[in-house]
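Note that the structure is predicted; figures quoted are calculated from it, not measured.
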Amino acid sequence: MNKQACNLCPHHCALAEGQVGFCHTRRNEGGQIKSLNYGKVTSLAIDPIEKKPLYHFYPGSVILSLGSFGCNMACPFCQNHTISQGGEREVRWHISPEQLAELAQETSQQYGSIGVAFTYNEPLLSYEYLRDTLPLLHQAGQKNVLVTNGQIEEEPLTELLPYVDAMNIDLKTFAEKTYAKLGGSLQAAQRTIQMAAEAGVHVEVTTLVVPGISDAINEFCAEVDWLAAVSREIPLHLSRYFPRYQCKAPATPLDKLYELQRIAQKCMKYVYLGNVG
């Protein structure tokens with residue numbers, strides 16, 4: 001039986017007819033890879049922009065935020081696992097690109113929202129929806145924000161970047177072997193950060209500091225050295241981990257977060273701590 005390769009992300013799933021990929025959002029239908037989550041929304045809210053987290057992009061503003069379902073990583077410490085791993089049963093609304101552009105304008109007029117943040121699950125898995133929606137939002141005067149793990153191949157990312165205003169990109173760890181265990185690629189995350197920065201997108205980076213996964217000093221030093229080489233101006237968010245999903249390790253010690261912050265501040269201009277209050 002002939003299989004069809006999905007080339008959206010580094011997994012390159014080879015799918016037989018009717019088979020669904022690792023991400024649960026893409027399926028081989030008649031020899032073509034089809035999106036299963038197009039326009040399907042599980043979560044919709046108006047959030048402070050700082051919640052994304054974006055601290056240097058229209059600070060003090062609010063933004064319409066929505067998510068679908070699916071993820072192309074399998075982090076055992078996922079903070080949004082009910083959405084990212086929940087599947088189609090979590091879908092509450094079907095919103096077309098045109099409807100979202102109208103909703104964004106209404107939210108802007110009523111609440112002062114600056115645009116739309118695609119978040120909660122992995123938005124790049126809604127590539128076709130983003131491709132159709134982002135230009136409409138720009139035409140409507142709205143800002144486009146992606147909160148993403150950065151696991152996407154170069155060609156589809158290149159197509160989206162002209163319509164993206166800001167991104168918060170996860171940098172889970174700085175060890176390729178550890179990234180692979182989480183179902184992702186360090187190289188892909190780095191490429192997304194670099195490409196977005198070079199395209200003039202406002203970029204901020206988040207590392208969730210998980211004991212035994214992303215708290216090794218030598219790896220963290222390599223991470224901030226690399227980030228500084230891209231740009232010292234990129235805001236870096238170090239987020240405190242709490243037990244979630246399949247990961248029951250104790251919460252990140254505050255002393256560790258402060259230590260990593262001091263290290264990062266030697267070469268990065270803006271370093272923030274999250275989940276410490």
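- For Glu29 and Lys34, the salt-bridge test fails: no basic side-chain N is under 4.0 Å from an acidic carboxylate O.
- For Glu154, the CD atom is loosely surrounded, since the number of other residues' heavy atoms within 6.0 Å does not exceed 12.
- A donor atom on one side chain and an acceptor atom on the other are not found under 3.5 Å apart for Asn72 and His11.
- Salt bridge Lys52/Glu204: absent, no basic N to carboxylate O contact under 4.0 Å.
- Side-chain contact check for Asn168 versus Pro53: some heavy-atom pair is nearer than 4.5 Å.
- A salt bridge does not link Glu128 to Arg131: none of the charged side-chain nitrogens sits closer than 4.0 Å to a carboxylate oxygen.
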Tell me, with the steps shown, if Arg191 and Glu153 meet salt bridge (charged side-chain N to carboxylate O under 4.0 Å, His left out).
CA-CA 9 Å; Arg191 182 179 61 222; Glu153 290 292 12; 3.0 Å; yes

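- Inspection of the Asp132 and Tyr127 side chains reveals no N or O donor paired with an N or O acceptor under 3.5 Å.
- The ring of Tyr270 has its center no closer than 6.0 angstrom to the ring center of Tyr55.
- To the nearest 0.5 Å, atom SG of residue Cys75 and atom OH of residue Tyr241 are 12.0 Å apart.
- Side chains of Ser126 and Asn37: a donor-acceptor N/O pair is present below 3.5 angstrom, by distance only.
- A distance below 6.0 Å separates the ring centres of His56 and Tyr272.
- Side-chain contact, Gln151 with Ser185: no donor N or O sits under 3.5 Å from an acceptor N or O.
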